[in-house]
Protein chains: 2
Amino acid sequence: MFRLSKVSDYGIVVLAHLARNPVPASRNAREIAHEVQLPAPMVSKILKSLARQGVLESQRGAQGGYQLARPPEAITVGQMITILEGPMGLTECALGADLCTHEGSCEVQSSWQLINRVISDALQRVTLADLIDPAFDEHLSTDDILNRVRPTRSSSVDERPEPN
Amino acid sequence: MFRLSKVSDYGIVVLAHLARNPVPASRNAREIAHEVQLPAPMVSKILKSLARQGVLESQRGAQGGYQLARPPEAITVGQMITILEGPMGLTECALGADLCTHEGSCEVQSSWQLINRVISDALQRVTLADLIDPAFDEHLSTDDILNRVRPTRSSSVDERPEPN
DNA sequence: CGATATCGGACCAATTTAGTCCTGTAAATA
DNA sequence: TATTTACAGGACTAAATTGGTCCGATATCG
Ligand code: FES
Ligand code: FES
């Protein structure tokens, strides 16, 4: 159906909420779930994944909770999706590995790899800061996004999601 | 998992194969399936969808079969995916309709709509002709694709998949 | 007429997803 | 130190989706 899973969907909503509402600095999973109106166990699971991958910092114990580990400009939509959804690739062939049974006979593998890269790059160009920027989502064309010279706030950001 | 379904995957392989091997003009489903080494009933189902949406022309009865209804330059990857996978949208909210239960309280809906448009546009910029062009998939950057001035063969193409 | 093929669905099994729950461990606080 | 809070890490289930098959109807050719 070409949809993101709910995990990614919710995850991005949660991160956007945290970026938009930076205080109080640390909140626990239950509070966050209540704030975004999503099922608490799901949100908890998602928060754990994000913390494990370094997007959130977690504090255990009483008064513990989660907060963003980096400024919103340093977190891209592409990273979030990769973390919550697994390695990006519209088809397995697109990943380049020897996973597809038709490799060798297939005539479109390399094309898929390119298409995949295009999508991936596009998603890496949108940051969490963009998601909560009211100016971002109004009257922008595709080319504005894809060609834009990054504004100051994210000009020096060029990170990848850390492995692990 | 953020993958295209097999239906789309196979569908694109089939179309690429037909574009690359234009003769004989009309072949039946069984032959096509054999040529691309994919399960015949699946291929048949896919061919039917594509024919119904006008990408292929079908000829019934003895000596019948399928052939491309338009030149490869006039068929985009975005169209193929839309036909085989349904309306494109990474989340339901992205479609803009009143489908999501969180609408109103949600803080990222309009951002999703933009992200969605970016992906969609990117996929509309790649045609079937590109997929079978050996030059296409070698050493091209994302920007080459996204910013490229369309070459002659697809400069005047700006169609959408017809509704129905 | 009879053979060939598409058309349009129904149908089923296997996988994936959405969502819950439980046990363990770390931190704060009284 | 005992207690409570809250994350860590999984196992687990039910529901939805997907991949794949099959069939009766219809159209076309010879
Ligand atoms: S279908 Fe897998 S390599 Fe092309
Ligand atoms: S989650 Fe549906 S509108 Fe945002």
Side-chain angles (χ1 to χ4, degrees), chain A residues 1-11 13-14 18 24-34 36-67 69 81 83-86 90-92 100-102 164, chain B residues 1-14 24-34 36-67 69 81 83-86 90-92 100-102 164:
Chain A
M1 216 202 305
F2 200 43
R3 291 279 138 81
L4 248 34
S5 71
K6 293 291 181 197
V7 170
S8 308
D9 188 348
Y10 294 173
V13 169
V14 164
L18 292 179
S26 186
R27 276 163 287 186
N28 68 35
R30 192 168 20 81
E31 285 166 339
I32 295 174
H34 181 258
V36 296
Q37 296 273 58
L38 291 170
M42 269 266 95
V43 170
S44 172
K45 172 154 74 170
I46 292 163
L47 291 169
K48 279 184 271 187
S49 298
L50 292 170
R52 208 176 321 166
Q53 301 295 319
V55 170
L56 294 176
E57 257 160 26
S58 64
Q59 178 70 22
R60 290 212 205 182
Q63 303 305 315
Y66 294 93
Q67 60 185 304
I81 293 178
I83 289 172
L84 295 169
E85 201 89 11
L90 297 197
T91 65
E92 11 264 297
C100 178
T101 53
H102 308 100
N164 165 29
Chain B
M1 218 201 306
F2 199 43
R3 291 278 139 81
L4 249 34
S5 71
K6 293 291 182 196
V7 171
S8 309
D9 188 347
Y10 295 173
I12 292 174
V13 169
V14 164
S26 186
R27 274 163 289 186
N28 69 34
R30 191 166 21 81
E31 285 165 340
I32 295 174
H34 180 257
V36 296
Q37 295 273 60
L38 290 171
M42 270 265 93
V43 169
S44 172
K45 172 154 74 167
I46 292 163
L47 291 169
K48 280 184 270 186
S49 298
L50 291 171
R52 210 175 320 166
Q53 301 295 319
V55 170
L56 294 176
E57 255 160 29
S58 63
Q59 179 71 19
R60 288 206 195 184
Q63 303 303 315
Y66 295 93
Q67 60 185 303
I81 293 178
I83 288 172
L84 295 169
E85 201 88 13
L90 298 196
T91 64
E92 11 265 295
C100 178
T101 52
H102 308 101
N164 166 32

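So that the names make sense, note that chain A is the first sequence line, chain B the second, and so on, each numbered from 1.
Evaluation of the salt bridge (charged side-chain N to carboxylate O under 4.0 Å, His left out) rule for Lys6(B) yields Glu92(A) as partners, not counting sequence neighbours. By the ring pair (Phe, Tyr, Trp, His ring centres under 6.0 Å) test, Phe2(B) pairs with Phe2(A), sequence neighbours left out. Not counting sequence neighbours, the partners of Ser49(B) by the side-chain contact (heavy atoms from CB on, under 4.5 Å) test are Arg52(B), Leu84(B). With sequence neighbours left out, the side-chain contact (heavy atoms from CB on, under 4.5 Å) criterion links Gln63(A) to no other residue. With sequence neighbours left out, the side-chain hydrogen bond (donor to acceptor under 3.5 Å, both in side chains) criterion links Ser58(B) to no other residue.
Rounded to a whole Å, the CZ atom of Arg52(B) is 7 Å from the C1' atom of dG8(C). Gln53(B) has its CD atom 14 Å from the C1' atom of dG8(C), to the nearest Å. Here dT21(D) presents its P atom at 8 Å from CE of Met42(B), a figure rounded to the nearest Å. dA16(D) atom C1' lies 13 Å from atom CD of Glu92(B), rounded to whole Å. Straight-line distance from the CG atom of Leu50(B) to the P atom of dC7(C): 11 Å, rounded to whole Å. The CG atom of Leu4(B) sits 11 Å away from the P atom of dT18(D) (whole-angstrom rounding). A straight line from NZ of Lys45(A) to C1' of dC12(D) spans 10 Å, rounded to a whole angstrom. Per the geometry, CG belonging to Leu47(A) stands 12 Å off C1' belonging to dA8(D), to the nearest Å.
A rotation axis mapping the C1' atoms of four pairs onto the next four is fitted at both ends of the helix from dC1(C)-dG30(D) to dA30(C)-dT1(D) over five pairs, and the angle between these axes is 20° to 10 degrees.
In terms of heavy-atom proximity, Gln67(B) sits nearest to Ser26(B) at NE2-CB, 4.3 Å.
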- Would Tyr66(B) and Lys48(B) satisfy side chain to side chain contact (heavy atoms under 4.5 Å, CB included), going step by step from the backbone distance to the final call? CA-CA 9 Å; Tyr66(B) 295 93; Lys48(B) 280 184 270 186; 3.6 Å; yes
- Give the C-alpha distance, both sets of side-chain angles, the deciding distance and a yes or no for side chain to side chain contact (heavy atoms under 4.5 Å, CB included) between Leu56(A) and Leu18(A). CA-CA 10 Å; Leu56(A) 294 176; Leu18(A) 292 179; 3.9 Å; yes
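Applying the 4.0 Å criterion to OP1 and OP2 of dG19(D), one finds that Tyr10(B) has every side-chain N and O outside that range. Residue Ser58(A) has a polar side-chain atom (N or O) positioned under 4.0 Å from OP1 or OP2 of dA8(D).
The CG atom of Leu47(A) sits 12.5 Å away from the CZ atom of Arg30(A) when rounded to the nearest 0.5 Å.
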Using a cutoff of under 3.5 Å, can you pull out all pairs of nitrogen or oxygen atoms linking the protein to nucleotides 27-30 of chain D, with atom names and distances?
from    : atom 1 : to       : atom 2 : distance (Å)
dA27(D) : O4'    : Arg60(B) : NH1    : 2.9
dT28(D) : O2     : Ala62(B) : N      : 3.3
dC29(D) : OP1    : Gln59(B) : NE2    : 3.3

So which protein nitrogen or oxygen atoms get under 3.5 Å of nucleotides 15-17 of chain C's nitrogens or oxygens?
from    : atom 1 : to      : atom 2 : distance (Å)
dT17(C) : OP1    : Met1(B) : N      : 2.8

Under 3.5 Å, sequence neighbours excluded: what are the donor-acceptor pairs made by side chains of residues 36-46 of chain B?
none

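With Gln53(A) contributing its side chain and Leu50(A) its backbone, the two residues share no donor-acceptor pair below 3.5 Å.
For the contact set between residues 25-33 of chain A and DNA chain C, defined by any heavy atom under 4.0 Å, there are no members.
Each of Ala40(A) and Gly64(B) has a nearest nucleotide on DNA chain C; the 5'-most of these lies closest to Gly64(B).
Backbone-only contact: Pro39(B) has heavy atoms under 4.0 Å from sugar-phosphate atoms and none from a base.
No side-chain heavy atom of Asp9(A) sits less than 4.5 Å from a side-chain heavy atom of Leu90(B).
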